[in-house]
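Report on the following structure.
This chain uses plain numbering: 1 for the first residue, then up along the sequence.
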Amino acid sequence: MLREVMRRERIDAFVFPSTDAHNSEYVAEHWKSREWISGFDGSAGTAVVTMRHAALWTDSRYFLAAEQQLAGTGYELMRLKVAGTPTIAEWLGSELADIDGAVVGLDGAVNSYATVEALTAELRAQGGITVRVNFDPMRTIWTDRPAIPLHPVRLHPLAYAGEPTHEKLDRLRRALRGSHCDGMLVSALDDIAWLLNLRGSDVHCNPVFVSYLLVDSQRATLYINKVKLTDEVTAYLAAEGVDVDAYDRVGEGLARYFEYNILMDADETSALLPRLVDKRTKVVFATSPVPMMKAVKNEAEIAGFRQAMIRDGVAMVKFLHWLRPAVEAGGQTEMSVDRKLTALRAEQPRFRDISFDTIAGYQAHGAIVHYEATPETDAPLRPEGLLLLDSGAQYDDGTTDITRTIALGPITEEQRHVYTLVLKGHIQLELARFPRGASGTQIDALARAALWREGYNYLHGTGHGVGSCLNVHEGPHQIRMEYRPAPLLPGMTVTDEPGLYLADRFGVRIENTLLIRESLATEFGEFLEMESLTLCPIDKTPIDRSLLLPEEVEWLDRYHQTVYERLSPYLDDEECAWLAEATSPLA
């Protein structure tokens, strides 16, 4: 059906990204075109279809899952950042080499301006291939396409937000003036939710709502389907200096925009929107200042994280106390332990939802970095081997993200060795002290050094920011091998999650969410360090004690002492006894 439409429109290839109209990592069902056309359901990937062939590009987190899901579909898997893998433009150049005046289509409403500009230049270099951005074949072929969600928007209390909306908007305007800009279009959904102190549920696990926010020097306008706003929210927005207009009228708003210039982030703004701005207004393509503002948490947000981590830690301890006896009794699977953990979290005050779909990978499934069990793959758990459990929750006052790899019984010496190497990397990053302004790239090697010495590596990032009752993945800062210039600053949250994955055997990952804070000042400048916000025992049974340095043992014992002191007041006697053993000194 797609190729029939392409033939009619005289399009020789079509590109389907993973994003929505707001360049979101996770998207509402309405925008899952790439998943619908390819069958691959990972959060990151790009599908490309020509008249003869089809291919899908994704990163290392999804290599194993994509290989399984694409089997028999006609799609060729393209492994990003692996030697020999062509870029999309290179592949299209080869595929379309025999076509004069070849045309590549992509929907300019869901591809960012930066993506379209880069691909256009690359395809021009491949032999004059033309890019068309004004056509969406899904409007024709996806006949039962879900509607854009209409879930209600709720207030995010100032007690948790820590800063009123009008003050955030004033800060944004000052930042824009520093860039010589009069206003901006905010497209990123989590940025809008943070600025306005509002939350929603339009995207699974992400407390955001589909909208745009147009900010000028005096006012701001929220473009949203108004049925989602209660009278309370509407009155609140008016009091904070925010007008409301229909979501599909954002183009008219851009045409009416009256300032001399407007900032649009080329990586966040869809390619079609800059074309709608009045020609008398200059569009300035620059990095949005909002992510950096949002990344540095204020005192109320930090306090919320601490409280949320206590409740999440209580749920995790209750789960871990239950887990091994339940597995020994039989009948537990990857999906059943996922349901159990979610139920325990749901018992905690201020719980809203999980923060992402739980990854519960037993043995070989643990080697699939972003594995999600299905009824077809749901593996029974046995009292042996390793269970990799990556999970998190959304609470009104904070977002959690934690991974524990748990020995369910006897394990192999290889598993013990790998587990300990990953733990060493995790601890070394937690021990890091670094100059203020260093980027995550500059400390990433601390988490990998023990693995590198033995010829091991992992291809995903080591750490990402975490939102405050917002998206579990947040930038602009990251800890990863690839260069990311965003500085690490006090008040930022960031995860520490090294791992190692041996295909068809097992995987190990250990993750805490950390808070960057001031450490000391010397004649050489200010130095920062990181504090674990996550409160949960790290399984000691798989550790090869002989591989740990004294400072690593000391860190683990100190961390476990903190876990016991913070969580034990909220547990019953049996749970406290279990926690006391789980956090007893390794030394």
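- Shortest non-hydrogen contact noted between Ser43 and Ser18 is O-CB, 3.6 Å.
- Taking the ring axis of Phe351 as reference, the NZ or CZ atom of Arg345 does not stay both within 45° of it and closer than 6.0 Å to the ring centre.
- Residues Asp390 and Arg509 are paired through a salt bridge, judged by an N-O separation under 4.0 Å between the basic side chain and the carboxylate.
- For the pair Ile262 and Met184, the tightest heavy-atom approach, listed with the atom from each and the gap, is CG1-CA, 3.7 Å.
- For residues 270-295, the pairs satisfying ring pair (Phe, Tyr, Trp, His ring centres under 6.0 Å) are Tyr113-Phe285, with sequence neighbours left out.
- Few gaps surround CE on Met51; more than 12 heavy atoms of other groups in view lie less than 6.0 Å from it.
- Remark: Thr333 pairs with Asp378 by the side chain to side chain donor-acceptor pair (under 3.5 Å) rule, at least two apart or across chains.
- Annotation for His180: atom NE2 does not count as buried by contact number, only 12 or fewer foreign heavy atoms lying within 6.0 Å.
- Counting only residues at least two apart or in different chains, side chain to side chain donor-acceptor pair (under 3.5 Å) contacts with residues 226-235 comprise Asp202-Lys228.
- Across every non-hydrogen atom of Asn111 and Pro17, the tightest pair is OD1-CG, 3.5 Å.
- For the pairing with Asp243, the salt bridge (charged side-chain N to carboxylate O under 4.0 Å, His left out) check across Arg249, Arg219, Arg256 returns one residue only, Arg219.
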> Can you check side-chain hydrogen bond (donor to acceptor under 3.5 Å, both in side chains) on Glu25 and His473, steps first, answer last?
Replying inline: CA-CA 8 Å; Glu25 178 183 14; His473 291 162; 2.9 Å; yes
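- Here ring pair (Phe, Tyr, Trp, His ring centres under 6.0 Å) pairs that include residues 34-54, with residues two or more places apart or in two chains, are Trp36-Trp142, Phe40-Tyr62.
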>> salt bridge (charged side-chain N to carboxylate O under 4.0 Å, His left out), that's the test. Do Asp59 and Lys81 meet it? Break it down for me.
In response: CA-CA 7 Å; Asp59 62 54; Lys81 299 179 183 177; over 6 Å; no
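- Nearest heavy atoms, Arg139 versus Arg145: N-NH1, 4.1 Å.
- Tyr395 carries Arg311 over the face of its six-membered ring, with the cationic atom under 6.0 Å from the centre and within 45° of the normal.
- The ring-ring contact (aromatic ring centres under 6.0 Å, His included) search around His460 returns Tyr458, Tyr501, not counting sequence neighbours.
- Leu96 is listed as a side-chain neighbour of Ile99, based on a closest heavy-atom distance under 4.5 Å.
- Evaluation of the side chain to side chain donor-acceptor pair (under 3.5 Å) test over residues 207-218, restricted to residues two or more places apart or in two chains, returns Ser217-Glu259.
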